[in-house]
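Report on the following structure.
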Number of protein chains: 2
Amino acid sequence: MPESAPSDSIDIGDRLRTARTLRRLSQRELARRAGVTNGMISQIEQNHSSPSISSLKRILDAVPMSMAEFFADDFTEQNAVFFRKEDLREINPANLLSKTDADAKPFSFRQVGDARNHTLQMLHERYAPGADTGPEMYSHNSEEAGIVIEGTIEVTVGDRTETLHPGDAYLFDSRIPHRFRNTGDCVCVIVSACSPPSF
Amino acid sequence: MPESAPSDSIDIGDRLRTARTLRRLSQRELARRAGVTNGMISQIEQNHSSPSISSLKRILDAVPMSMAEFFADDFTEQNAVFFRKEDLREINPANLLSKTDADAKPFSFRQVGDARNHTLQMLHERYAPGADTGPEMYSHNSEEAGIVIEGTIEVTVGDRTETLHPGDAYLFDSRIPHRFRNTGDCVCVIVSACSPPSF
DNA sequence: TAGGCGTGTTTAATATTTCAATCAACCCTG
DNA sequence: CAGGGTTGATTGAAATATTAAACACGCCTA
């Protein structure tokens, strides 16, 4: 009757409990959906029994969560729901090596969570006055959208150009060449989303 | 006594057998390393029993393979060792949308396998005459190296510039700005490696 | 405070996995 | 062809997972 998982083994119990509580399911509710007993869920979560693959599969299907997700190394991070401002990760490659603060750079793209684990990528973007992404050669096969929060930005998509102000928004197929230019004299902030992720 | 895995379930048996034979292990050898019986391996591979997590973990540790790898969706591809020329995937974003053959483009980067699953990325690169990556803004935190196979290429790393000929090679920290230009009049082919992967 | 409803946990019975041993087939080599 | 090596598959006994039901606790309301 193992009480806690040995160090070289995965703590199945903890993982299952985390997965379950993240979805705000009770043991009974999850058990009902999975077609197993609540007692079994309890035993597994306490590492009092090591479920068979078929059992774990049925349970995870009810969460729902894939086996691959369940056993992924960065389990908790991958399932995070809330992110503090300072936890948004800068993904503009040009900013990564520099010691100077990203705020001093022409643009900064801060990503919510880790897009590699999701089909939706959300960015907090910041364009300094004069910043210009240039004609975008990188045309990922996605859709992207955004809303201007602060400042103004000139957006070019295909042959159409508009200057957007706070509250304005855009939505287009990423395959169309696109370009962002801050033609104003103050910082522009945008919240954008892209699906599937482009980085 | 289930004979074959139902469609909504994972074929554990097949996966384990694939993992085992990929490493050229016999059921008995794997069993010995894992500290289980060969009969058990046999039963699992035939889907005559659904192993407990702890058992599967012990077995996979002996392969060795992580649970996450085992349950990854692209199981066989991820463990591929040999790749035919035509299976190298183009990763130059500018080439992906175009219907015209990548060979007509200024550059083509063909990746061996899927770098996302590895810490080493190898590319078969092709530069048309006049092709120029431009001053590389993307400075990933990696090391990269390459050998020129065919043609000539002018490589700039930091403040040093050299023109390399077949057989010549380079090795540098990717954080240093770098640029590749084909100043010759014929195609240049390079085999390069990068670790960790940059795309 | 009693009663109902919600948790998660425990327990004895049952179903399944796992072990140890055996079986059957194949490939060598003498 | 016999003998010893390998391989993977099978079988009844032992160990373990899973079930169904009871248990214990907290929370609300009458």
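Quick caveat: nothing in here was measured; it's all calculated off a predicted structure. Throughout, a chain's letter reflects where its sequence line sits, starting with A, and its residues are numbered from 1.
As a whole-Å value, the separation of A:Gln46 CD from C:dT11 C1' is 13 Å. In this structure, the NE2 atom of A:His48 is 17 Å from the C1' atom of D:dT19, given to the nearest Å. Taking atom CD1 of A:Ile12 as the reference point, atom P of D:dT18 lies 12 Å away to the nearest angstrom. Whole-Å rounding puts the B:Asn47 CG to C:dT17 P distance at 11 Å. As a whole-Å value, the separation of B:Ile53 CD1 from D:dT16 C1' is 14 Å.
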| task | In sequence, state the C-alpha distance, the side-chain angles, and the governing distance for A:Arg15 and A:Asp11, and then conclude on salt bridge (charged side-chain N to carboxylate O under 4.0 Å, His left out). | result | CA-CA 6 Å; A:Arg15 294 205 163 201; A:Asp11 191 340; over 6 Å; no
| What's the verdict on side-chain contact (heavy atoms from CB on, under 4.5 Å) for A:Leu56 and A:Phe71, showing C-alpha distance, side-chain angles and the deciding distance? | CA-CA 11 Å; A:Leu56 184 61; A:Phe71 288 106; 3.9 Å; yes
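Within residues 38-45 of chain A, the residues having any heavy atom closer than 4.0 Å to DNA chain D are, in order of number, A:Met40.
Of the listed nucleotides (C:dC19, C:dT9, D:dA17), C:dT9 has the atom at the smallest distance from the side chain of A:Arg17. Nearest to the side chain of A:Ser50, among D:dT19, D:dT18, D:dA17, sits D:dA17. Residue B:Arg28 places its side chain closer to C:dT22 than to any other of C:dT22, D:dT10, D:dT18. In the set D:dT10, D:dT18, D:dG8, D:dG8 carries the atom at the smallest distance from any side-chain atom of B:Gln27.
A distance-only check finds a donor-acceptor pair linking the side chain of A:Thr133 to the backbone of A:Phe180 [under 3.5 Å]. In this structure, B:Ser42 contributes its side chain and B:Asn38 its backbone to no donor-acceptor pair below 3.5 Å. In terms of modelled atom types and a separation under 3.5 Å, the side chain of B:Asn47 and the main chain of B:Gly13 share a donor-acceptor contact. Looking only at distances, no side-chain donor or acceptor of A:Glu29 sits under 3.5 Å from a matching main-chain atom of A:Ser26.
Close to D:dA17, at under 4.0 Å from its OP1 or OP2, lies no side-chain N or O of A:Ser55. The phosphate of C:dT7 (OP1 or OP2) has a side-chain N or O of A:Ser26 nearer than 4.0 angstrom.
Residue A:Thr37 is in base contact, counting any heavy-atom pair closer than 4.0 Å across all strands shown.
With sequence neighbours excluded, no residue forms a side chain to side chain donor-acceptor pair (under 3.5 Å) with B:Arg28.
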